Amino acid sequence: MAEDDTWQKAFGEKWDAIVLGTGLKECLLSGLLSVAGKKVLHLDRNPYYGGASASLDVTQFFDKMGSSEKPVEAELGKLRDYSIDLIPKFLMAGGNLVKVLIHTGVSNYIEFKPVDGSFVYSNKAGKVCKVPATPEDAMKSSLMSMMEKTRMMQFTLWVSKVQLADRKTWVAGTMTKKKLELDTMTGKEFFKYWALEQATIDFLTHACCLYLDESYTELPAIEIVKKMQLYLESKTRFAGMTSPFLYPLYGLGELPQAFARLAAVHGGTYMLNHAMGDEGPVFGEGKFEVQYEAGVATGIKVMDTVANASVVIGDPSYFPTLVKKQGAVVRCIAIVNAPLASTNLGSEPAGSYQVIFPGSTIGRKNDLYLFCCSSPHKVAPAGKYIIFCSTIIEGPATGACEGIAQRELAAGLELISAASPAKMFYDMYDLMVPVEDGSQSKVYISESYDATSHFETTITDVLAMYERIVGEKLILTSGPGSSE
């Protein structure tokens, strides 16, 4: 525990940036700014790292979920083997988050393990199916008829070979060659050319390209192909991968702590909350006050002590008057005793995987996301699976949380209920976004974590914030000291 005056000494220094909250987005920004030579002071009202994206032991998790029960080893297995993420998300192996971890050197502090499976729910097949992103997978898939498999095989083979930097390769077709103007034709026109069924388009765009809605129909087709190629490349990024995703051993809580070490190396300071005599927590709820001069942030004030900085950064919970609600997420978090149906890879059940339920296949506007992880990633004891199922609330968001979850998550809960759940918890949280982008006030606020079970939207928010803060796009390298 820090001495009572340690935080006041830190506040007396001049900082380039003050970051509030040690959630993953804030830690990523803190690390990126530190590597860029900025002097960063990073504070958190909690006595632990991670904020809304922390990893908790099973007792902490039960408390967080408001359970009156205590975890029992006879029911749940070895309690010390649990590390439960509050907002778990997988990392695309070839995606920007992994590139940021390499760029900052944080990848050296954490051990990652490939995720076993990537699945999609099909109402046509009436079950969870492996995402058929390659020609080989397409021919084996139960998602499609034989004719559709042939079309899908031709499509995935073309996607894997086309070179987006060379327009000469934008030619498709076997008998009749056609030049596809990928930069001007829309996604709708692109899929019309390939004559794929809508059910096939749904899993390609939602489970491979990870689109959250149907906006792809009006986007340039080249964006769809880029996302498809990222999915395919990610599956072969590291040896032994059977999905395009990675996940750290012991959960995502390892990431904020790794960034804390990184910040210290670059002259930054992390300070978690601690008590100060009879006055209570130094950084408790409501203790942070942004200081302004002519409408521009100049620092943070805590208990009459001011820390000066050029910019202030934080998650929405630190700035309740500067954010607005943009929907809400409902989730079920379950500890189950058996793998979910149809999630085997070969003869063995997958220990970690994502299942995406495209909204159109389950009568919804928004997709439903299911995350599963277990003992191989050291987040649960052997024989237990931690499952999260989440989505955007479409109906009324009032009433008992469990009732709302039963309505909104019905397709996922049906699978979970069949897997002998030992414990099931439900919760909801608001999706908050900043009312302005920070360019005027110099207060930069991240968006709440969405319902997805992957980090693609998270890293997009981080990189956009970095560009607004620094004034230029981040150039990702192959590691500290690299000229690439």
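For clarity, every value in this text was computed on a predicted model and none was experimentally measured.
- Salt-bridge annotation for Arg331 and Asp427: present, with a side-chain N of the basic residue lying under 4.0 Å from a carboxylate O of the acidic one.
- Around the CD atom of Gln406, the shell of radius 6.0 Å holds more than 12 heavy atoms that belong to other residues, nucleotides or ligands.
- When atom types are taken as modelled, the side chain of Glu394 and the backbone of Asn366 share a donor-acceptor pair closer than 3.5 angstrom.
- The backbone N or O of Phe283 sits less than 3.5 Å from a side-chain atom of Asn273, completing a donor-acceptor pair.
- Using a distance-only test at 3.5 Å, with no hydrogens or angles considered, a donor-acceptor pair links the side chain of Glu436 to the main chain of Gly438.
- Between Phe259 and Tyr109, the ring center distance fails the sub-6.0 Å criterion.
- Annotation for Gln326: atom CD does not count as buried by contact number, only 12 or fewer foreign heavy atoms lying within 6.0 Å.
- Figure legend: cation-pi geometry between Arg45 and Phe288 absent, as NZ or CZ is not positioned both under 6.0 Å from the six-membered ring centre and within 45° of its axis.
- Side chain of Ser352 to main chain of Asp116: a donor-acceptor pair is present (N/O by atom type, distance under 3.5 Å, no hydrogens or angles).
- From Ser310, atom OG reaches atom CD1 of Ile469 across 11.5 Å, with rounding to the nearest 0.5 Å.
- Side-chain N or O atoms of Thr22 include one that pairs as donor or acceptor with a backbone N or O of Gly50 at under 3.5 Å.
- Shown here are the salt bridge (Lys or Arg N to Asp or Glu O under 4.0 Å) partners of Glu233, two or more places apart in sequence or in another chain: there are none.
- Put simply, CG on Leu476 and OG1 on Thr104 are 9.5 Å apart, with the number rounded to the nearest 0.5 Å.
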Could you walk me through whether Thr452 and Lys89 pass the side chain to side chain donor-acceptor pair (under 3.5 Å) test, one step at a time?
-> CA-CA 7 Å; Thr452 61; Lys89 292 177 184 285; 3.0 Å; yes
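- Considering only heavy atoms from C-beta on, Ile84 comes within 4.5 Å of Phe388 through its side chain.
- Here the side chains of Lys442 and Val312 are not in contact, with every heavy-atom distance at 4.5 Å or above.
- Taken from CD1 in Ile222 to OG1 in Thr184, the straight-line distance is 10.0 Å, to the nearest 0.5 Å.
- Between Phe425 and Phe61, the ring center distance clears the sub-6.0 Å criterion.
- Atom CD1 of Ile313 is separated from atom CG of Leu33 by 5.0 Å, given to the nearest 0.5 angstrom.
- Here OH of Tyr429 is found 13.0 Å from OG of Ser317. Values are rounded to the nearest 0.5 Å.
- Val329 is listed as a side-chain neighbour of Ile392, based on a closest heavy-atom distance under 4.5 Å.
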For the pair Ser118 and Phe245, evaluate side-chain contact (heavy atoms from CB on, under 4.5 Å) and give the outcome as yes or no after the intermediate values.
-> CA-CA 8 Å; Ser118 177; Phe245 300 110; 3.9 Å; yes
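- Between Arg237 and Gly94, the shortest heavy-atom contact is NH1-CA, 3.5 Å.
- Of the possible donor and acceptor atoms, none in the side chain of Ser30 sits under 3.5 Å from a partner among the backbone N and O of Glu26.
- Here the closest non-hydrogen pair linking Tyr426 and Cys401 is C-SG, 3.5 Å.
- Checking Ser453 against Gln354 by side-chain atom types alone, a donor-acceptor pair falls below 3.5 Å.
- The backbone N or O of Ile459 sits nowhere less than 3.5 Å from a side-chain atom of Asn96 that would complete a donor-acceptor pair.
- Residues Glu223 and Lys226 are paired through a salt bridge, judged by an N-O separation under 4.0 Å between the basic side chain and the carboxylate.
- Within a 6.0 Å radius of NZ in Lys188, other residues, nucleotides and ligands contribute 12 heavy atoms or fewer.
- Ser55 approaches Ser83 most closely through the heavy-atom pair CB-OG, 3.6 Å.
- Judged by distance alone, with hydrogens and angles left aside, the side-chain atoms of Asp315 form no donor-acceptor pair with the main-chain N or O of Gly21 at under 3.5 Å.
- Between Lys235 and the choices Thr242, Asp137, Val131, the side-chain contact (heavy atoms from CB on, under 4.5 Å) rule is met once, by Asp137.
- Taking OH from Tyr318 and CD1 from Ile445, the interatomic distance works out to 13.0 Å, rounded to the nearest 0.5 Å.
- Annotation: side chain of Gln229 is in contact with side chain of Val162 (closest heavy-atom distance under 4.5 Å).
- When all heavy atoms of Tyr385 and Cys372 are compared, the pair lying nearest together is CD2-SG, 3.9 Å.
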Does the pair Met92 and Val98 meet the rule for a side-chain contact (heavy atoms from CB on, under 4.5 Å), with working shown?
-> CA-CA 7 Å; Met92 183 77 81; Val98 170; over 6 Å; no
Determine, stepwise, if the pair Thr236 / Met241 fulfils side-chain contact (heavy atoms from CB on, under 4.5 Å).
-> CA-CA 6 Å; Thr236 58; Met241 295 195 68; over 6 Å; no
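- Put simply, the side chain of Thr391 reaches to within 4.5 Å of the side chain of Leu409, judged on heavy atoms.
- Evaluation of the ring-ring contact (aromatic ring centres under 6.0 Å, His included) rule for His377 yields Tyr247 as partners, not counting sequence neighbours.
- Put simply, the side chain of Lys39 reaches to within 4.5 Å of the side chain of Glu13, judged on heavy atoms.
- Minimum heavy-atom separation, Ile416 to Cys389: CD1-CB, 4.0 Å.
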Given Leu212 and Tyr369, is the side-chain contact (heavy atoms from CB on, under 4.5 Å) satisfied, shown in steps?
-> CA-CA 11 Å; Leu212 306 184; Tyr369 299 88; 3.2 Å; yes
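- Side-chain atoms of Glu447 never come within 3.5 Å of backbone atoms of Pro434 as a donor-acceptor pair (strictly under, hydrogens ignored).
- In this structure, the side chains of Val443 and Tyr292 come closer than 4.5 Å at one or more pairs of heavy atoms.
- When atom types are taken as modelled, the side chain of Ser390 and the backbone of Ala451 share a donor-acceptor pair closer than 3.5 angstrom.
- Seen from the ring of Tyr444, Arg468 does not count as a face-on cation partner, given the 6.0 Å and 45° thresholds.
- In this structure, Phe371 and Phe90 have parallel ring planes: the angle between them is below the 30° cut-off, well short of the 60° mark.
- Here the closest heavy-atom approach between residue Thr398 and residue Ile404 is recorded as O-CD1, 3.7 Å.
- Counting heavy atoms from C-beta outward, Phe112 and Leu91 have side chains that approach closer than 4.5 Å.
- Heavy atoms of other residues, nucleotides or ligands lying less than 6.0 angstrom from CD of Glu293 number 12 at most.
- Within the cation-pi definition used here (under 6.0 Å to the ring centroid, within 45° of the axis), Lys25 qualifies as a partner of Tyr449.
- Annotation: cation-pi pair Lys227/Tyr211 present, NZ/CZ under 6.0 Å from the ring centroid and within 45° of its normal.
- Taking a cutoff of 4.0 Å between a charged side-chain nitrogen and a carboxylate oxygen, Arg364 and Glu408 qualify as a salt bridge.
- Tyr216 and Glu214 form a side-chain donor-acceptor contact under 3.5 Å, judged by distance and modelled atom types alone.
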